[in-house]
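What follows is one structure encoded as structure tokens, with my remarks underneath.
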Amino acid sequence: MANDREVLREIWEGRLPVCFQLDSEEVHSLQAPDAYYLMVPRLSYFPLVTDKVRKHFMRHIHPDKQEAEMWLDFNGQPLRWHYPIGVLFDMYVSDIQLPWNITVHFDKFPEDELLHCPCREVVESHFMSCVKEADVLKHRSQVVSNMQKKDHNQLWLGLQNDKFDQFWAVNRKLMEASGEEVFKYIPFRCYRGEGPFIQRLVRPVTEEGQRKTLYHLMQEVFPNETDRKSQIWRYIT
């Protein structure tokens with residue numbers, strides 16, 4: 001893990017320039033508001049980085065909507081807040097034109113497409129559930145169950161506040177095998193556009209005892225060679 005630290009930091013520091021614009025039909029002021037620009041972490045979640053966006057547009061919407069839940073869409077597709085920002089970008093932006101233009105809404109919440117997220121505690125609950133699920137697959141739940149409450153808090157606050165060292169001081173326990181132990185399964189989830197994600201039980205080594213690569217994973221998830229190549233291309237680009 002120590003040898004990978006520079007790579008991990010580069011991944012952590014990945015950012016996306018985003019242009020937030022209020023839906024023109026929801027503008028209540030005489031003049032439409034300026035767009036709001038942010039550089040957002042790929043590994044974070046939109047509810048953790050959009051407080052300033054909400055404040056920027058608040059005085060331009062109808063007073064009756066100022067307590068409403070804010071939601072986002074890209075090209076008419078509501079963005080699922082419980083997916084990491086980088087995952088959403090890779091799913092929906094095919095031509096890589098930056099900044100990423102996102103529309104902000106305070107009205108007509110798409111109940112059938114999005115989960116409600118009234119506060120950051122909901123994001124924390126979702127994130128920790130994902131961590132526990134991954135630990136069950138990798139370590140039979142032994143790592144998370146041995147953590148103290150302060151470790152959970154440090155992991156979450158590291159993500160929330162974009163603190164690499166704070167986050168990885170705890171997260172490394174979830175990433176490393178102890179001694180000769182081999183992970184039981186690789187926590188692997190493949191997102192494909194608007195469809196449901198694909199999640200399979202994937203062992204970390206082949207029958208010949210070799211460590212599996214991304215290509216091995218794709219062979220299992222996408223037996224069809226054409227589908228496999230297209231998905232790998234999306235991952236590496």
Decide yes or no for [X] and [Y]: does some side-chain heavy atom of the first lie under 4.5 Å from some side-chain heavy atom of the second?
| X | Y | value |
| --- | --- | --- |
| His28 | Arg59 | no |
| Val104 | Asp23 | no |
| Leu79 | Tyr92 | yes |
| Leu38 | Leu16 | no |
| Lys138 | Lys184 | no |
| Met58 | Lys65 | no |
| His105 | Met70 | no |
| Ser29 | Val27 | yes |

Is there a path of hydrophobic side-chain contacts, each under 4.5 Å between heavy atoms of I/L/V/M/F/W/Y residues, joining [Y] to [X]?
| X | Y | result |
| --- | --- | --- |
| Leu114 | Met91 | no |
| Ile85 | Val87 | yes |
| Met39 | Phe74 | no |
| Trp168 | Phe127 | yes |
| Leu137 | Met175 | no |

Pairwise distance [atom1]([X]) to [atom2]([Y]) - rounded to 0.5 angstrom:
| X | Y | atom1 | atom2 | value |
| --- | --- | --- | --- | --- |
| Thr103 | Asp73 | OG1 | CG | 4.5 Å |
| Met147 | Asn153 | CE | CG | 11.5 Å |
| Phe106 | His60 | CZ | NE2 | 10.5 Å |
| Leu88 | His82 | CG | NE2 | 9.0 Å |
| Lys132 | Met128 | NZ | CE | 6.0 Å |
| Gln142 | Lys173 | CD | NZ | 14.5 Å |

Phe164 vs Arg5, test: side chain to side chain contact (heavy atoms under 4.5 Å, CB included). Steps then yes/no. CA-CA 10 Å; Phe164 174 84; Arg5 188 173 181 80; 3.7 Å; yes

Could you go through the side chain to side chain contact (heavy atoms under 4.5 Å, CB included) check for Val202 and Tyr185 one step at a time? CA-CA 5 Å; Val202 180; Tyr185 297 108; 5.8 Å; no

For the backbone of [Y] and the side chain of [X], can you confirm whether one donor and one acceptor N or O come within less than 3.5 Å of each other?
| X | Y | value |
| --- | --- | --- |
| Arg120 | Leu48 | yes |
| Ser44 | Pro41 | no |
| Asn146 | Val143 | no |
| His56 | Asp34 | yes |
| Glu113 | Pro78 | no |
| Asp135 | Val131 | no |

Taking all heavy atoms of [X] and all of [Y], pick out the closest pair and write down the distance.
| X | Y | result |
| --- | --- | --- |
| His152 | Val144 | NE2-O, 3.7 Å |
| Leu159 | Phe167 | N-CD1, 3.8 Å |
| Pro118 | Val122 | CD-CG2, 3.7 Å |

Assess whether a salt bridge exists between Arg172 and Asp4, defined as any Lys/Arg side-chain N lying under 4.0 Å from an Asp/Glu carboxylate O.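 Here Arg172 does not pair with Asp4 in a salt bridge, since their nearest N and O are not under 4.0 Å apart.
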
Assess whether a salt bridge exists between Arg189 and Glu133, defined as any Lys/Arg side-chain N lying under 4.0 Å from an Asp/Glu carboxylate O.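 Glu133 and Arg189: salt-bridged.
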
Apply the side chain to side chain contact (heavy atoms under 4.5 Å, CB included) test between Val18 and each candidate in Leu98, Leu72, Val40, Val49; give the one that qualifies. Val40

Using the ring centroid of each side chain, check whether Tyr37 and Phe20 are separated by less than 6.0 Å.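 Ring-ring flag for Tyr37/Phe20: false, centres at least 6.0 Å apart.
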
Quick check: Trp81 with Tyr45 (ring centres under 6.0 Å apart)?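 Ring centroids of Tyr45 and Trp81 are no less than 6.0 Å from each other.
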
By side-chain hydrogen bond (donor to acceptor under 3.5 Å, both in side chains), which residues pair with Asn101, not counting sequence neighbours?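 Not a single residue meets the side-chain hydrogen bond (donor to acceptor under 3.5 Å, both in side chains) criterion with Asn101.
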
Looking at Glu67, I'd like to know if its CD atom is crowded, meaning that more than 12 non-hydrogen atoms belonging to other residues, nucleotides or ligands lie closer than 6.0 Å. no

Just to verify, which of Trp100, Tyr191, Phe46 counts as forming a ring pair (Phe, Tyr, Trp, His ring centres under 6.0 Å) with Phe89?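 With Phe89 as partner, ring pair (Phe, Tyr, Trp, His ring centres under 6.0 Å) holds for just one option, Trp100.
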
What residue pairs, at least two apart or across chains, pass side-chain hydrogen bond (donor to acceptor under 3.5 Å, both in side chains) with a residue in residues 8-22? Arg9-Asp165, Trp12-Asp162, Arg15-Asp162

Below 30° counts as parallel, above 60° as perpendicular, anything between as tilted: where do the rings of Phe109 and Trp71 land?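 Perpendicular, since the angle between the ring planes exceeds 60°.
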
